[in-house]
Amino acid sequence: MKVAVITFPGSNCDYDLFKAAQQVGGDAKFIWHRERGLNNYDAVLLPGGFSYGDYLRAGAIARMSPIMEDVIAFAKTGRPVLGICNGFQILCESGLLPGALMHNTSLKFESKDVMLRVDRTDTMFTKDYKTGQVLRIPIAHGEGNYGADDETLEALEDQGRVVFRYVDRDGELSDEANPNGSLNNIAGITNETGNVLGMMPHPERAMEKLLGSTDGLALFTSMAGSLQPS
Amino acid sequence: MTNPTAMQVPPRDGDPEITPEIVADHGLTPEEYEKVLKIMGRDPTFTELGVFSAMWSEHCGYKNSKRLLRLLPTQAPWVIQGPGENAGVIDVGDGYALAFKIESHNHPSAVEPYQGAATGVGGILRDIFTMGARPVAVLDSLRFGDLDSGRVRYLFAGVVNGVGDYGNCVGIPNVGGEVQFDRGYEGNPIVNAMCLGLMRHEELITAAATGNGAPLMAVGARTGRDGIHGATFASEELSEDSDESSRPQVQVGDPFTEKLLLEASLELIASGAISGIQDMGAAGITSSASEMAGRGGSGVELEMTDVPVREDGMTPYEILLSESQERMLVVAHPGREDEVREILEKWELEAAVIGQVTDDGKFRILENGNVVGDIPALPLTDGCPTYEREGIESEEVIALREMDLTEHMTEEGDLTKDFLLLLRSPNVASKRWIYEQYDTTVRTGTAVRPGGDSGVIRIRGTKRAIAATTDCNGRLVYLEPRTGAMAAVAEAARNLVCVGALPTAITNNLNFGNPLKTHIYYQLREAVLGMREACSAFETPVTGGNVSLFNETDGKAIYPTPVIGMVGVIDDVSKIIHHAFKSAGDDIVLLGTNSGEIGGSEYLYVTSKLVAGNPPSLDLEAERLLQQAVLKMNHEEVLNSAHDCSQGGLAATLAECALGNGETPLGVSAEVDEDLAPIVSLFGESHGRIIASTSPENTERVLALAALYDVPAKRIGTVTDMASGFSIKVRSGSVQARMTDLAEAYFGSIPNIMDAPTGSEA
């Protein structure tokens, strides 16, 4: 699996994603945002961080980076594009995913482990999970409050495009379990074709017992597995 | 090149004339000004006066602390770089070196908490990456007044937000720190930030300007009019009107630029195109250029019109003294300037040649080719007058220390009620409200997050990890400076061994009042002497640090607060232990003894608003043996948890062990048979104690190892399940509570204060 990790000015989880891709056997490369050409890759990862300092709006400037034209073209080929945290924000700003990520309702940066429920296991990112499985994954963001208009939200739900939701330890939805005010406790969604996933929590930080959780590992093995020549 | 003399320089058009008032405004005494005249052999120009003022401020020149700091132990076989550089560096094994340092931003944070704290983090990050190390962790050590004041809540919220936003944006995990609330910090909050960076040994680079003709380059952000004279401002007392009038002396941070500068700097160092790099921190270009010249034994010549500036019309004086953030001074290898420019350009930053290294030993300033300043460089950096002052203990403190506390120690109150009050005190309560605003897991290296005894960062590709903690209980230092400072070092070391780390070295931040006052100088001297004793006993040399004096508002000084930032090494990450109890049925073991004092305790502050009495005594040899014993137990893997017993005493420590991070609390059933009043047994803050838990089959071994090291040890109870609740029996009393009540008090306290809708109090 050849993996491109896109680095924008201000990305700070690029190294973590790079290591996560390597951990599942991926051949990872950093791609600077002004470089061009992603055709030789099997997967594209947009890391977390504060591209352009989150000035204006998180992801709003990064989406105008030269490489984003290539990311959009890459997504159209059906190959996997994963955006985490700031990467999710950039995917929404660039139109690859619907909706927007607003300030957390607490108006504070929220950094802690949350519980996520896997609602879809038929995607190329989640096939190694069990439906309804509850994961422990860290979050660290100030703007992760997912919002969309009624029509968009209905489409997301009807088409089963909500992949991860914030839940309590028993897997139940609740306001207490929702760290940022996201509609329907949404933590991660895909595009209509299922090959673009955006999520606020950081699975790449949950890959080793030493760091507190291994629940993110299956996301990367799923992706690697989906790309095996069948 | 010995004793070069200053050349004649005509006054610059538009600059004010030098008068005694102007000299005084620059923070120089008449005697100090005499010394300037002697070095210069003539009157300084306005520009030169500004340079002397900054370099001879306490912040840059350490004039009131240098002689004391020389008393500290600084050497050990594992020390690679001691004091005098941007940061200290130690060997941590497997070819890795750790750069670390702590720095204060107290004065700016008192005036503008968000920017003050943010730029404090920015500055300490730059000190680390200019050594060639990649920053891997931040800690913050904070002090505020009591949270019942609206102003204090504003400062607290602003500082936490500033520390968080800066570190989060750059992407450096915050792994620990501490905060204390006490009326002693009402006017002057303390904001100290510590950073740790890792590198391979061969990546180390220092900040010396060598090589006649080597180009000096300004890289990073442009120079603006912000923070002019920040170093001098930081060396004065605050007054009521510091608020408004000092705002322009506070710098404004841009963490996004910092992140780019970090990457660009590490790439520059790796490229080999440069021979030296230094942050333009306090006193900006002035201190970075003159210090680099001083270290290199050379001179520098700077052309002010070549410095990239944010606005037109800046004078040499303003450019030299600006403390605009996110700037570096770089010495390039001649002919490789374009490489430097290309690297900076890739990171969307600027680089400009602004001067060169010379061999005439002068700090020379040009404006359009005309000399506007010409100062002998070595006397400027090394000639700063240093003082040893008279220190006399204040009568007020002696009286407080000798206060009879018998009445407080023997009170027949409701112990459980007092206990809950103590857990609810923001000093004891969970600091989750703070660190949940900090990214603690970015860079995927954090093995122990904030909330434990020390933060731990693993070294990828090895079995090793580094641990770090910051500690100081200012009340204890106030009541007895020497023991208090020793206690800070001892507590830091205990915090490290509690995660399984060998204490290795320290960086310190001396936060004190005005040293010109005899009782403050007494505190400073005694604290340094205490630190010296403890650091020698524990073999933890001081590799650098920061001094922040004049922390006074309207004549009232803070508690003397020598914050200890200590680092340790863990050989095998699989042996890391945490403070939380692991399983019901485990034995609870108390290591160490209660020396019976209640002075300076949180109990006294919470129940009587008192900071008085004899603080706990300290036995350095017993502390050292305790550390060794716990490390040995950890090595043999017979401990399931370990937690330092400090603020709040035994009862609060047991509660923290039982509550853990709040997700899966356990219960406690303990009995402590000491010949002491119940309040002292439960809430006394004796040093040298650690609460450990073990599987019952290992208890005997733990007790045997303790005996081997002459450490008093006793099994005091059992970890139970949550439903069984929390119970400690002492000789004539007990504390009994439900775990849910403890959790509510411990975790709910700070959020309830900070997130509750408030009235209009200010």
Side-chain angles (χ1 to χ4, degrees), chain A residues 7-20 22-23 30 32-35 47-55 58 61 65 85-86 104 106-115 136-142 168-169 179 201-213 216, chain B residues 134 157 160-161 163-174 253-260 262-264 345-349 432-451 456-458 460-461 463 465 573-574 576 578 661-664 751 754-755:
Chain A
T7 303
F8 298 93
S11 296
N12 63 31
C13 305
D14 44 344
Y15 168 81
D16 302 348
L17 263 184
F18 180 91
K19 287 290 176 185
Q22 278 188 337
Q23 195 178 328
F30 290 114
W32 182 238
H33 77 124
R34 283 195 297 219
E35 291 176 48
F50 288 74
S51 56
Y52 292 96
D54 275 0
Y55 297 143
I61 304 177
S65 280
C85 199
N86 193 226
N104 300 343
S106 65
L107 297 181
K108 289 201 295 260
F109 192 88
E110 297 283 348
S111 165
K112 58 188 169 190
D113 283 355
V114 294
M115 297 296 160
R136 166 188 289 271
I137 309 272
I139 56 162
H141 60 248
D168 63 20
R169 291 155 60 89
H202 288 277
E204 81 279 17
R205 300 187 189 182
M207 306 277 286
E208 287 172 79
K209 194 165 167 279
L210 176 67
L211 306 183
S213 171
Chain B
R134 178 172 282 280
V160 169
N161 196 4
V163 169
D165 276 4
Y166 207 102
N168 295 345
C169 183
V170 182
I172 316 297
N174 190 306
D254 175 7
F256 170 56
T257 300
E258 178 97 343
K259 167 68 175 167
L260 301 178
L262 188 173
E263 299 300 338
E345 201 172 292
K346 172 188 159 188
W347 292 101
E348 309 186 3
L349 293 169
R432 200 156 74 176
W433 186 87
I434 303 172
Y435 58 75
E436 284 190 350
Q437 297 185 55
Y438 300 158
D439 194 337
T440 58
T441 49
V442 63
R443 294 198 51 73
T444 52
T446 312
V448 178
R449 302 182 196 179
V456 178
I457 295 284
R458 59 93 174 264
R460 206 184 264 276
K463 280 169 73 186
V573 290
S574 72
I576 293 171
H578 295 78
N661 67 2
E663 281 186 39
T664 48
M754 296 304 295
D755 296 338

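Every chain is numbered from 1, with letters handed out A, B, ... down the list of sequences. Everything numeric in this text was worked out from a predicted model, so none of it was measured.
- Within the 4.5 Å cutoff, the side chain of B:Ile457 has heavy atoms near those of the B:Thr446 side chain.
- Within the 4.5 Å cutoff, no side-chain heavy atoms of A:Pro179 are placed close to those of A:Asn104.
- Contacts of A:Tyr55 with chain B are made by side-chain atoms alone, with heavy-atom separations under 4.5 Å and no backbone atom involved.
- Proximity to chain A (any heavy atom under 4.5 Å) is shown, for B:Asp254, by both the backbone and the side chain.
- Under the side chain to side chain donor-acceptor pair (under 3.5 Å) criterion, B:Glu258 pairs with B:Arg126, B:Tyr166, not counting sequence neighbours.
- Both the backbone and the side chain of B:Thr440 come within contact range of chain A, with heavy atoms under 4.5 Å apart.
- When side chains are defined from C-beta on, A:Lys108 counts as touching B:Asp755, because their heavy atoms get closer than 4.5 Å.
- Residue with the most contacts toward chain A among B:Arg458, B:Lys346, B:Glu436, B:Lys259: B:Glu436 (heavy-atom pairs, distance under 4.5 Å).
- Note on B:Thr441, B:Asn161, B:Ile172: by heavy-atom pairs under 4.5 Å with chain A, the leading option is B:Thr441.
- Only the side chain of A:Pro138 comes within contact range of chain B, with at least one heavy atom under 4.5 Å from a heavy atom of that chain.
- Of all the listed residues (B:Asn661, B:Ile576, B:Val170), the one sharing the greatest number of non-hydrogen pairs under 4.5 Å with chain A is B:Val170.
- In this structure, no portion of B:Val448 lies under 4.5 Å from any heavy atom of chain A.
- In terms of modelled atom types and a separation under 3.5 Å, the side chain of A:Asp14 and the main chain of A:Asp16 share no donor-acceptor contact.
- Of the two parts of A:Ser106, neither the backbone nor the side chain holds a non-hydrogen atom closer than 4.5 Å to a non-hydrogen atom of chain B.
- For A:Cys85, the side chain to side chain contact (heavy atoms under 4.5 Å, CB included) test picks out A:His141, A:Met200, A:His202, with sequence neighbours left out.
- With 3.5 Å as the limit, one finds a donor-acceptor pair spanning the side chains of A:Tyr15 and B:Arg460.
- Chain B forms more heavy-atom pairs under 4.5 Å with one residue of A:Gly53, A:Gly212, A:Ala206 than with any other, namely A:Gly53.
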